[in-house]
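All values below come from the heavy atoms of this structure, side chains included, with hydrogens, waters and symmetry mates left out.
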Amino acid sequence: MSKIQMTTPLVEMDGDEMTRILWEMIKKELLLPFVDLKTEYYDLGLTYRNETNDQVTVDSANATLKYGVAVKCATITPNAARMTEYNLKEMWKSPNGTIRAMLDGTVFRTPIVVKGIEPCVKNWKKPITLARHAYGDVYKNTEIKVEGPGRAELVFTSADGKETRELIHEFTGAGILQGVHNTDKSIESFARACFGYALDTKQDLWFATKDTISKKYDHNFKDIFQDIYDKEYKAQFDESGITYFYTLIDDAVARVMKAEGGFIWACKNYDGDVMSDMVSSAFGSLAMMTSVLVSPSGVYEYEAAHGTVQRHYYKHLKGEETSTNSVATIFAWTGALRKRGELDENKELTVFADKLEKATLSTIESGKMTKDLALITSLKDVTVLSSEGFIKAIRETFEAM
(Lines give C-alpha, C1' and ligand atoms only; values in the text may rest on other atoms or scores of the structure.)
Protein backbone atom coordinates (compact mmCIF):
# COMPACT_ATOMS: atom_id res chain seq x y z
CA MET A 1 0.00 0.00 0.00
CA SER A 2 1.41 3.40 -0.98
CA LYS A 3 1.72 5.90 1.83
CA ILE A 4 -0.40 9.04 2.04
CA GLN A 5 1.66 12.02 0.93
CA MET A 6 1.94 15.34 2.73
CA THR A 7 2.73 18.65 1.04
CA THR A 8 3.33 20.93 4.05
CA PRO A 9 5.11 19.83 7.23
CA LEU A 10 3.61 19.72 10.71
CA VAL A 11 5.60 21.27 13.51
CA GLU A 12 6.38 18.34 15.84
CA MET A 13 7.16 19.17 19.47
CA ASP A 14 8.48 16.16 21.40
CA GLY A 15 8.07 16.01 25.17
CA ASP A 16 8.90 14.28 28.43
CA GLU A 17 8.67 11.06 30.42
CA MET A 18 5.99 8.46 29.66
CA THR A 19 4.25 10.58 27.04
CA ARG A 20 7.53 10.76 25.13
CA ILE A 21 7.64 6.94 25.12
CA LEU A 22 4.03 6.79 23.88
CA TRP A 23 4.88 9.42 21.23
CA GLU A 24 7.40 7.10 19.60
CA MET A 25 5.06 4.08 19.83
CA ILE A 26 2.25 6.03 18.15
CA LYS A 27 4.50 7.17 15.32
CA LYS A 28 5.96 3.68 14.81
CA GLU A 29 2.67 1.73 14.90
CA LEU A 30 -0.05 4.14 13.77
CA LEU A 31 1.48 6.87 11.61
CA LEU A 32 4.69 5.95 9.76
CA PRO A 33 3.32 2.72 8.19
CA PHE A 34 0.53 4.71 6.52
CA VAL A 35 1.66 8.33 6.07
CA ASP A 36 4.80 9.76 4.51
CA LEU A 37 5.08 11.91 7.61
CA LYS A 38 6.61 15.34 7.06
CA THR A 39 7.42 17.23 10.26
CA GLU A 40 9.76 19.96 11.41
CA TYR A 41 10.99 18.45 14.67
CA TYR A 42 11.70 20.28 17.94
CA ASP A 43 12.78 18.51 21.12
CA LEU A 44 10.91 20.15 24.00
CA GLY A 45 12.10 17.55 26.48
CA LEU A 46 13.33 19.27 29.64
CA THR A 47 16.95 18.19 29.11
CA TYR A 48 17.18 19.87 25.70
CA ARG A 49 15.24 22.93 26.82
CA ASN A 50 17.88 23.32 29.53
CA GLU A 51 20.74 22.88 27.03
CA THR A 52 19.31 25.58 24.74
CA ASN A 53 18.28 27.96 27.56
CA ASP A 54 14.69 27.31 26.39
CA GLN A 55 15.41 28.78 22.95
CA VAL A 56 14.01 25.58 21.40
CA THR A 57 10.56 26.45 22.78
CA VAL A 58 10.68 29.89 21.16
CA ASP A 59 11.89 28.33 17.90
CA SER A 60 9.04 25.80 17.91
CA ALA A 61 6.46 28.57 18.42
CA ASN A 62 7.94 30.60 15.55
CA ALA A 63 7.82 27.50 13.33
CA THR A 64 4.15 27.04 14.26
CA LEU A 65 3.43 30.60 13.18
CA LYS A 66 5.19 29.81 9.89
CA TYR A 67 3.50 26.49 9.07
CA GLY A 68 0.13 27.02 10.77
CA VAL A 69 -0.26 23.61 12.45
CA ALA A 70 1.69 21.93 15.28
CA VAL A 71 1.38 18.79 17.39
CA LYS A 72 2.86 18.78 20.88
CA CYS A 73 3.71 16.04 23.37
CA ALA A 74 3.18 16.69 27.09
CA THR A 75 6.10 18.50 28.75
CA ILE A 76 7.40 19.11 32.27
CA THR A 77 7.01 22.52 33.87
CA PRO A 78 9.83 22.36 36.45
CA ASN A 79 9.48 22.93 40.17
CA ALA A 80 12.20 22.80 42.86
CA ALA A 81 12.32 18.99 42.79
CA ARG A 82 12.77 18.97 39.00
CA MET A 83 15.58 21.54 39.32
CA THR A 84 17.55 18.97 41.29
CA GLU A 85 16.45 15.91 39.29
CA TYR A 86 17.46 17.42 35.93
CA ASN A 87 20.30 19.66 37.20
CA LEU A 88 18.66 22.69 35.59
CA LYS A 89 20.29 26.06 35.06
CA GLU A 90 17.07 27.76 36.14
CA MET A 91 13.40 26.98 36.71
CA TRP A 92 12.29 27.28 33.08
CA LYS A 93 8.80 28.58 32.33
CA SER A 94 5.94 26.38 31.16
CA PRO A 95 6.44 25.63 27.44
CA ASN A 96 2.66 25.84 27.02
CA GLY A 97 2.67 29.34 28.52
CA THR A 98 5.48 30.49 26.23
CA ILE A 99 3.82 29.06 23.12
CA ARG A 100 0.40 30.39 24.14
CA ALA A 101 1.80 33.91 24.55
CA MET A 102 3.68 33.84 21.22
CA LEU A 103 0.66 32.50 19.34
CA ASP A 104 -1.73 34.83 21.20
CA GLY A 105 -3.86 31.70 21.51
CA THR A 106 -6.94 30.41 23.29
CA VAL A 107 -7.09 26.83 24.62
CA PHE A 108 -10.08 24.68 23.62
CA ARG A 109 -10.51 21.42 25.54
CA THR A 110 -13.02 18.76 24.51
CA PRO A 111 -13.81 15.36 26.08
CA ILE A 112 -13.44 12.29 23.86
CA VAL A 113 -16.77 10.47 24.11
CA VAL A 114 -16.77 6.67 23.77
CA LYS A 115 -19.39 4.00 24.48
CA GLY A 116 -18.78 2.27 27.79
CA ILE A 117 -17.37 5.36 29.51
CA GLU A 118 -20.51 7.11 30.67
CA PRO A 119 -20.57 10.75 31.86
CA CYS A 120 -21.44 11.31 35.51
CA VAL A 121 -24.07 13.81 34.34
CA LYS A 122 -26.62 11.47 32.80
CA ASN A 123 -28.07 13.95 30.28
CA TRP A 124 -24.70 14.82 28.69
CA LYS A 125 -24.88 13.16 25.26
CA LYS A 126 -22.36 15.24 23.30
CA PRO A 127 -18.96 16.73 24.21
CA ILE A 128 -18.80 20.13 25.90
CA THR A 129 -15.80 22.16 24.72
CA LEU A 130 -14.22 24.55 27.25
CA ALA A 131 -12.60 27.69 25.82
CA ARG A 132 -10.32 29.23 28.42
CA HIS A 133 -8.89 32.73 28.21
CA ALA A 134 -5.20 32.31 28.90
CA TYR A 135 -4.04 35.74 30.06
CA GLY A 136 -4.30 37.87 33.18
CA ASP A 137 -6.75 37.91 36.08
CA VAL A 138 -5.49 36.04 39.20
CA TYR A 139 -2.71 34.40 37.13
CA LYS A 140 -1.01 37.80 36.76
CA ASN A 141 -2.02 39.16 40.14
CA THR A 142 -0.23 41.36 42.65
CA GLU A 143 -0.85 40.66 46.34
CA ILE A 144 -0.21 42.41 49.64
CA LYS A 145 -0.66 41.02 53.14
CA VAL A 146 -2.01 43.85 55.31
CA GLU A 147 -0.61 43.74 58.85
CA GLY A 148 -2.85 46.33 60.49
CA PRO A 149 -5.12 49.38 60.13
CA GLY A 150 -4.76 51.55 57.04
CA ARG A 151 -6.27 52.77 53.79
CA ALA A 152 -6.07 50.71 50.56
CA GLU A 153 -6.53 52.46 47.21
CA LEU A 154 -6.44 51.41 43.58
CA VAL A 155 -4.25 53.93 41.74
CA PHE A 156 -3.67 54.32 38.00
CA THR A 157 -1.11 56.84 36.72
CA SER A 158 -1.55 57.60 33.01
CA ALA A 159 1.34 58.29 30.65
CA ASP A 160 0.82 62.04 31.08
CA GLY A 161 1.04 61.75 34.87
CA LYS A 162 -2.66 62.04 35.67
CA GLU A 163 -3.77 59.91 38.62
CA THR A 164 -7.09 58.08 39.02
CA ARG A 165 -7.88 56.73 42.50
CA GLU A 166 -10.55 54.45 43.89
CA LEU A 167 -10.91 53.46 47.54
CA ILE A 168 -10.64 49.70 48.03
CA HIS A 169 -11.09 49.45 51.80
CA GLU A 170 -10.41 51.19 55.11
CA PHE A 171 -8.72 48.46 57.16
CA THR A 172 -9.27 48.48 60.92
CA GLY A 173 -7.08 45.39 61.33
CA ALA A 174 -5.10 42.79 59.41
CA GLY A 175 -6.24 41.52 56.01
CA ILE A 176 -5.18 40.87 52.42
CA LEU A 177 -5.20 42.70 49.09
CA GLN A 178 -5.10 41.48 45.51
CA GLY A 179 -4.79 43.44 42.28
CA VAL A 180 -5.67 41.87 38.93
CA HIS A 181 -5.65 43.17 35.38
CA ASN A 182 -6.38 42.36 31.76
CA THR A 183 -6.02 44.13 28.43
CA ASP A 184 -8.55 44.90 25.71
CA LYS A 185 -6.12 43.50 23.14
CA SER A 186 -5.98 40.11 24.88
CA ILE A 187 -9.76 39.98 25.37
CA GLU A 188 -10.31 40.84 21.70
CA SER A 189 -7.98 38.01 20.63
CA PHE A 190 -9.84 35.64 22.97
CA ALA A 191 -13.18 36.66 21.50
CA ARG A 192 -12.05 36.26 17.89
CA ALA A 193 -10.50 32.86 18.61
CA CYS A 194 -13.78 31.70 20.19
CA PHE A 195 -15.97 32.98 17.37
CA GLY A 196 -13.63 31.55 14.74
CA TYR A 197 -13.48 28.13 16.43
CA ALA A 198 -17.28 28.04 16.76
CA LEU A 199 -17.59 28.65 13.02
CA ASP A 200 -14.83 26.12 12.28
CA THR A 201 -16.56 23.38 14.30
CA LYS A 202 -20.16 24.58 13.65
CA GLN A 203 -21.07 24.68 17.35
CA ASP A 204 -23.05 27.18 19.42
CA LEU A 205 -20.93 29.45 21.62
CA TRP A 206 -21.73 30.43 25.21
CA PHE A 207 -19.79 33.10 27.11
CA ALA A 208 -20.18 33.74 30.83
CA THR A 209 -18.76 36.18 33.40
CA LYS A 210 -20.21 37.95 36.48
CA ASP A 211 -20.86 41.45 35.08
CA THR A 212 -23.70 42.12 37.56
CA ILE A 213 -21.12 42.21 40.37
CA SER A 214 -17.98 43.21 38.47
CA LYS A 215 -19.60 46.13 36.66
CA LYS A 216 -16.43 47.39 34.96
CA TYR A 217 -13.97 44.46 34.83
CA ASP A 218 -16.27 41.62 33.78
CA HIS A 219 -18.59 43.99 31.94
CA ASN A 220 -15.65 44.94 29.73
CA PHE A 221 -15.30 41.27 28.67
CA LYS A 222 -19.03 41.11 27.92
CA ASP A 223 -19.00 44.37 25.90
CA ILE A 224 -15.95 43.43 23.82
CA PHE A 225 -17.41 40.01 22.95
CA GLN A 226 -20.77 41.54 21.95
CA ASP A 227 -19.20 44.33 19.90
CA ILE A 228 -16.92 41.96 17.94
CA TYR A 229 -19.78 39.50 17.43
CA ASP A 230 -22.16 42.17 16.10
CA LYS A 231 -19.60 43.78 13.78
CA GLU A 232 -17.60 40.77 12.54
CA TYR A 233 -19.33 37.44 13.11
CA LYS A 234 -23.13 37.70 13.43
CA ALA A 235 -23.80 37.30 9.71
CA GLN A 236 -21.51 34.25 9.53
CA PHE A 237 -23.17 32.70 12.60
CA ASP A 238 -26.62 33.23 11.07
CA GLU A 239 -25.48 31.70 7.80
CA SER A 240 -24.00 28.67 9.61
CA GLY A 241 -27.12 28.18 11.74
CA ILE A 242 -25.25 28.51 15.04
CA THR A 243 -25.85 30.91 17.92
CA TYR A 244 -23.89 33.03 20.38
CA PHE A 245 -25.26 34.10 23.72
CA TYR A 246 -23.97 35.64 26.93
CA THR A 247 -25.08 34.68 30.42
CA LEU A 248 -23.84 34.96 34.00
CA ILE A 249 -21.33 32.32 35.12
CA ASP A 250 -23.65 30.92 37.80
CA ASP A 251 -26.49 30.68 35.28
CA ALA A 252 -24.12 28.98 32.81
CA VAL A 253 -23.18 26.35 35.42
CA ALA A 254 -26.85 25.60 36.06
CA ARG A 255 -27.60 25.42 32.32
CA VAL A 256 -24.60 23.16 31.63
CA MET A 257 -25.75 20.60 34.18
CA LYS A 258 -29.10 20.27 32.39
CA ALA A 259 -27.84 20.54 28.81
CA GLU A 260 -27.12 17.69 26.37
CA GLY A 261 -23.75 19.18 25.33
CA GLY A 262 -22.52 19.81 21.81
CA PHE A 263 -21.50 23.46 22.36
CA ILE A 264 -18.49 25.64 23.26
CA TRP A 265 -18.40 27.26 26.70
CA ALA A 266 -16.05 30.26 26.82
CA CYS A 267 -14.77 31.28 30.25
CA LYS A 268 -12.39 33.77 31.79
CA ASN A 269 -9.03 32.42 32.92
CA TYR A 270 -9.90 31.12 36.42
CA ASP A 271 -13.40 29.93 35.50
CA GLY A 272 -11.96 28.02 32.54
CA ASP A 273 -9.27 26.44 34.72
CA VAL A 274 -11.85 25.11 37.19
CA MET A 275 -14.65 24.21 34.78
CA SER A 276 -12.42 22.33 32.32
CA ASP A 277 -11.36 19.98 35.13
CA MET A 278 -14.98 19.53 36.19
CA VAL A 279 -16.10 18.71 32.64
CA SER A 280 -13.18 16.36 31.93
CA SER A 281 -13.67 14.48 35.20
CA ALA A 282 -17.44 14.24 34.74
CA PHE A 283 -16.96 12.85 31.22
CA GLY A 284 -14.53 10.21 32.48
CA SER A 285 -10.83 11.07 32.47
CA LEU A 286 -8.24 13.74 31.63
CA ALA A 287 -6.61 11.04 29.49
CA MET A 288 -9.73 11.24 27.31
CA MET A 289 -9.63 14.96 26.57
CA THR A 290 -8.22 16.82 23.59
CA SER A 291 -6.63 20.24 23.78
CA VAL A 292 -6.02 22.64 20.91
CA LEU A 293 -4.48 26.11 21.08
CA VAL A 294 -6.03 28.40 18.46
CA SER A 295 -4.78 31.86 17.54
CA PRO A 296 -7.13 34.52 16.13
CA SER A 297 -5.05 34.42 12.93
CA GLY A 298 -5.91 30.73 12.45
CA VAL A 299 -2.81 28.93 13.77
CA TYR A 300 -3.43 25.59 15.54
CA GLU A 301 -1.37 23.63 18.08
CA TYR A 302 -2.75 20.24 19.20
CA GLU A 303 -1.80 18.30 22.34
CA ALA A 304 -3.18 16.05 25.06
CA ALA A 305 -4.80 17.80 28.04
CA HIS A 306 -2.87 15.74 30.62
CA GLY A 307 0.70 15.71 31.94
CA THR A 308 3.74 13.52 31.36
CA VAL A 309 2.54 10.54 33.49
CA GLN A 310 5.64 10.61 35.74
CA ARG A 311 4.70 7.59 37.89
CA HIS A 312 4.35 5.30 34.87
CA TYR A 313 7.65 6.58 33.47
CA TYR A 314 9.54 5.55 36.60
CA LYS A 315 7.96 2.07 36.32
CA HIS A 316 9.00 1.95 32.65
CA LEU A 317 12.60 2.83 33.57
CA LYS A 318 12.64 -0.13 35.96
CA GLY A 319 11.55 -2.43 33.14
CA GLU A 320 8.07 -2.86 34.60
CA GLU A 321 5.02 -3.06 32.34
CA THR A 322 2.73 -0.03 32.24
CA SER A 323 -0.84 0.42 31.06
CA THR A 324 -0.83 4.08 30.08
CA ASN A 325 -3.75 5.62 28.21
CA SER A 326 -2.53 7.08 24.90
CA VAL A 327 -5.90 8.16 23.48
CA ALA A 328 -5.49 11.92 24.02
CA THR A 329 -2.00 11.84 22.48
CA ILE A 330 -3.29 9.87 19.47
CA PHE A 331 -6.05 12.45 19.06
CA ALA A 332 -3.47 15.25 19.21
CA TRP A 333 -1.82 13.70 16.15
CA THR A 334 -5.10 13.08 14.34
CA GLY A 335 -6.30 16.61 15.08
CA ALA A 336 -3.12 18.10 13.65
CA LEU A 337 -3.12 15.81 10.61
CA ARG A 338 -6.79 16.58 9.91
CA LYS A 339 -6.19 20.33 10.12
CA ARG A 340 -3.09 20.01 7.92
CA GLY A 341 -5.19 18.06 5.41
CA GLU A 342 -7.96 20.67 5.50
CA LEU A 343 -5.56 23.58 4.97
CA ASP A 344 -3.71 21.76 2.18
CA GLU A 345 -6.94 20.36 0.63
CA ASN A 346 -5.45 16.88 1.13
CA LYS A 347 -8.56 14.73 1.52
CA GLU A 348 -6.57 11.50 1.97
CA LEU A 349 -4.94 12.94 5.08
CA THR A 350 -8.23 14.10 6.63
CA VAL A 351 -9.86 10.73 5.93
CA PHE A 352 -6.87 8.95 7.53
CA ALA A 353 -7.22 11.08 10.67
CA ASP A 354 -10.96 10.36 10.88
CA LYS A 355 -10.43 6.61 10.44
CA LEU A 356 -7.65 6.42 13.04
CA GLU A 357 -9.87 8.14 15.60
CA LYS A 358 -12.71 5.75 14.76
CA ALA A 359 -10.35 2.76 15.11
CA THR A 360 -9.18 4.03 18.51
CA LEU A 361 -12.72 4.35 19.84
CA SER A 362 -13.80 1.04 18.25
CA THR A 363 -10.93 -0.73 20.03
CA ILE A 364 -12.16 0.56 23.39
CA GLU A 365 -15.77 -0.25 22.56
CA SER A 366 -14.74 -3.82 21.71
CA GLY A 367 -13.51 -4.19 25.30
CA LYS A 368 -9.77 -3.65 24.74
CA MET A 369 -8.44 -0.77 26.85
CA THR A 370 -5.87 0.48 29.33
CA LYS A 371 -6.24 -0.02 33.08
CA ASP A 372 -7.55 3.48 33.86
CA LEU A 373 -10.54 2.97 31.55
CA ALA A 374 -11.15 -0.60 32.74
CA LEU A 375 -11.70 0.81 36.25
CA ILE A 376 -14.55 3.11 35.11
CA THR A 377 -16.13 1.35 32.11
CA SER A 378 -19.66 -0.02 32.07
CA LEU A 379 -18.57 -2.72 29.58
CA LYS A 380 -18.31 -6.30 30.87
CA ASP A 381 -15.39 -8.74 30.58
CA VAL A 382 -12.89 -6.19 29.27
CA THR A 383 -9.28 -6.94 28.38
CA VAL A 384 -6.67 -4.73 30.09
CA LEU A 385 -3.74 -4.08 27.77
CA SER A 386 -0.25 -2.69 28.28
CA SER A 387 0.70 0.71 26.88
CA GLU A 388 2.20 -0.85 23.75
CA GLY A 389 -0.43 -3.60 23.57
CA PHE A 390 -3.23 -1.04 23.40
CA ILE A 391 -1.56 0.89 20.56
CA LYS A 392 -0.96 -2.36 18.66
CA ALA A 393 -4.61 -3.34 19.17
CA ILE A 394 -5.64 -0.01 17.61
CA ARG A 395 -3.41 -0.78 14.63
CA GLU A 396 -5.11 -4.16 14.20
CA THR A 397 -8.54 -2.48 14.29
CA PHE A 398 -7.39 0.18 11.83
CA GLU A 399 -5.94 -2.32 9.37
CA ALA A 400 -9.14 -4.38 9.53
CA MET A 401 -11.08 -1.25 8.60
Side-chain angles (χ1 to χ4, degrees), residues 57-70 93-109 129-143 154-164 166 178-200 205-211 213-237 244-246 249 264-273 275-276 291-301:
T57 306
V58 174
D59 293 344
S60 71
N62 282 324
T64 304
L65 289 168
K66 175 182 177 181
Y67 289 109
V69 185
K93 294 178 182 177
S94 159
N96 290 340
T98 299
I99 294 164
R100 199 154 49 217
M102 290 183 65
L103 268 57
D104 193 21
T106 294
V107 177
F108 296 87
R109 289 187 165 176
T129 298
L130 259 292
R132 176 188 170 188
H133 188 208
Y135 176 80
D137 303 343
V138 297
Y139 300 88
K140 287 278 188 181
N141 69 4
T142 301
E143 300 175 319
L154 188 64
V155 181
F156 173 75
T157 307
S158 65
D160 62 5
K162 181 182 177 182
E163 277 192 359
T164 305
E166 291 285 346
Q178 181 183 79
V180 299
H181 79 279
N182 224 295
T183 69
D184 284 6
K185 181 177 181 292
S186 179
I187 300 167
E188 288 163 5
S189 292
F190 176 43
R192 290 191 175 95
C194 290
F195 291 128
Y197 195 72
L199 286 167
D200 195 32
L205 174 66
W206 301 10
F207 179 49
T209 71
K210 193 68 172 177
D211 68 286
I213 302 300
S214 178
K215 298 182 189 301
K216 292 182 180 178
Y217 196 101
D218 280 23
H219 214 297
N220 196 47
F221 277 83
K222 176 187 177 182
D223 290 344
I224 287 172
F225 262 73
Q226 193 64 51
D227 186 56
I228 288 174
Y229 175 70
D230 291 339
K231 291 178 179 177
E232 301 177 29
Y233 291 96
K234 188 178 186 306
Q236 296 176 70
F237 268 57
Y244 164 70
F245 83 93
Y246 172 85
I249 185 64
I264 299 165
W265 180 12
C267 294
K268 287 171 58 192
N269 210 344
Y270 176 78
D271 295 338
D273 192 0
M275 294 305 167
S276 64
S291 182
V292 55
L293 179 68
V294 183
S295 79
S297 62
V299 174
Y300 296 78
E301 182 249 304

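Side chains of S158 and D160: a donor on one and an acceptor on the other come within 3.5 Å.
Of all heavy-atom pairs between K234 and D230, the closest is CB-O, 4.1 Å. Of all the heavy atoms in L103 and S295, the pair that sits closest is O-CB, 2.9 Å. Shown here for L65 and M102, the closest heavy-atom pair between the two residues is CD1-O, 4.0 Å. Of all heavy-atom pairs between G196 and Y233, the closest is N-CE2, 4.2 Å. Closest approach of V107 to S291, counting heavy atoms only: CG1-OG, 3.5 Å. Of all heavy-atom pairs between L130 and C267, the closest is CD1-SG, 3.9 Å.
Y217 contributes a side-chain N or O that, together with a main-chain N or O of H181, makes up a donor-acceptor pair within less than 3.5 Å. A donor-acceptor pair under 3.5 Å links the side-chain atoms of S276 to the main chain of G272, judged by distance alone.
The NZ atom of K140 sits 10.5 Å away from the CG atom of N182 when rounded to the nearest 0.5 Å. A distance of 8.0 Å separates CD1 in I249 from OG1 in T209, rounded to the nearest 0.5 Å. Separation of atoms NE2 (H133) and OG (S189) is listed at 7.5 Å; rounding is to 0.5 Å. Taking NE2 from H219 and CG from D223, the interatomic distance works out to 5.0 Å, rounded to the nearest 0.5 Å. Here the CD1-OG distance, from I99 to S60, works out to 4.5 Å after rounding to the nearest 0.5 Å. Once rounded to the nearest 0.5 Å, the distance linking CD1 of I224 with CG of D227 reads 8.5 Å.
Listed by chain and residue number, nothing satisfies the salt bridge (charged side-chain N to carboxylate O under 4.0 Å, His left out) test with D104 (two or more places apart in sequence, or in another chain). With sequence neighbours excluded, no residue forms a side chain to side chain donor-acceptor pair (under 3.5 Å) with T164. For Y244, the ring pair (Phe, Tyr, Trp, His ring centres under 6.0 Å) test picks out F195, Y229, with sequence neighbours left out.
Ring pair F225/F207 is parallel by interplanar angle, where below 30° counts as parallel and above 60° as perpendicular.
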> What's the verdict on side-chain contact (heavy atoms from CB on, under 4.5 Å) for V138 and N269, showing C-alpha distance, side-chain angles and the deciding distance?
Replying inline: CA-CA 8 Å; V138 297; N269 210 344; over 6 Å; no
>> Pair N141, V180 - check side-chain contact (heavy atoms from CB on, under 4.5 Å), show working.
In response: CA-CA 5 Å; N141 69 4; V180 299; 3.9 Å; yes
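Cation-pi geometry between R132 and Y139 is met: the NZ or CZ atom falls under 6.0 Å from the ring centre, inside 45° of the normal.
When F190, W265, Y197 are each tested for a ring pair (Phe, Tyr, Trp, His ring centres under 6.0 Å) with F108, only one passes: Y197.
Surrounding CD of E166 are at most 12 heavy atoms belonging to other residues, nucleotides or ligands under 6.0 Å away. Summarising the local packing, OH of Y270 is surrounded by 12 or fewer heavy atoms from other residues, nucleotides or ligands at distances under 6.0 Å.
A salt bridge links D218 with K268; the closest basic N to acidic carboxylate O contact falls under 4.0 Å.
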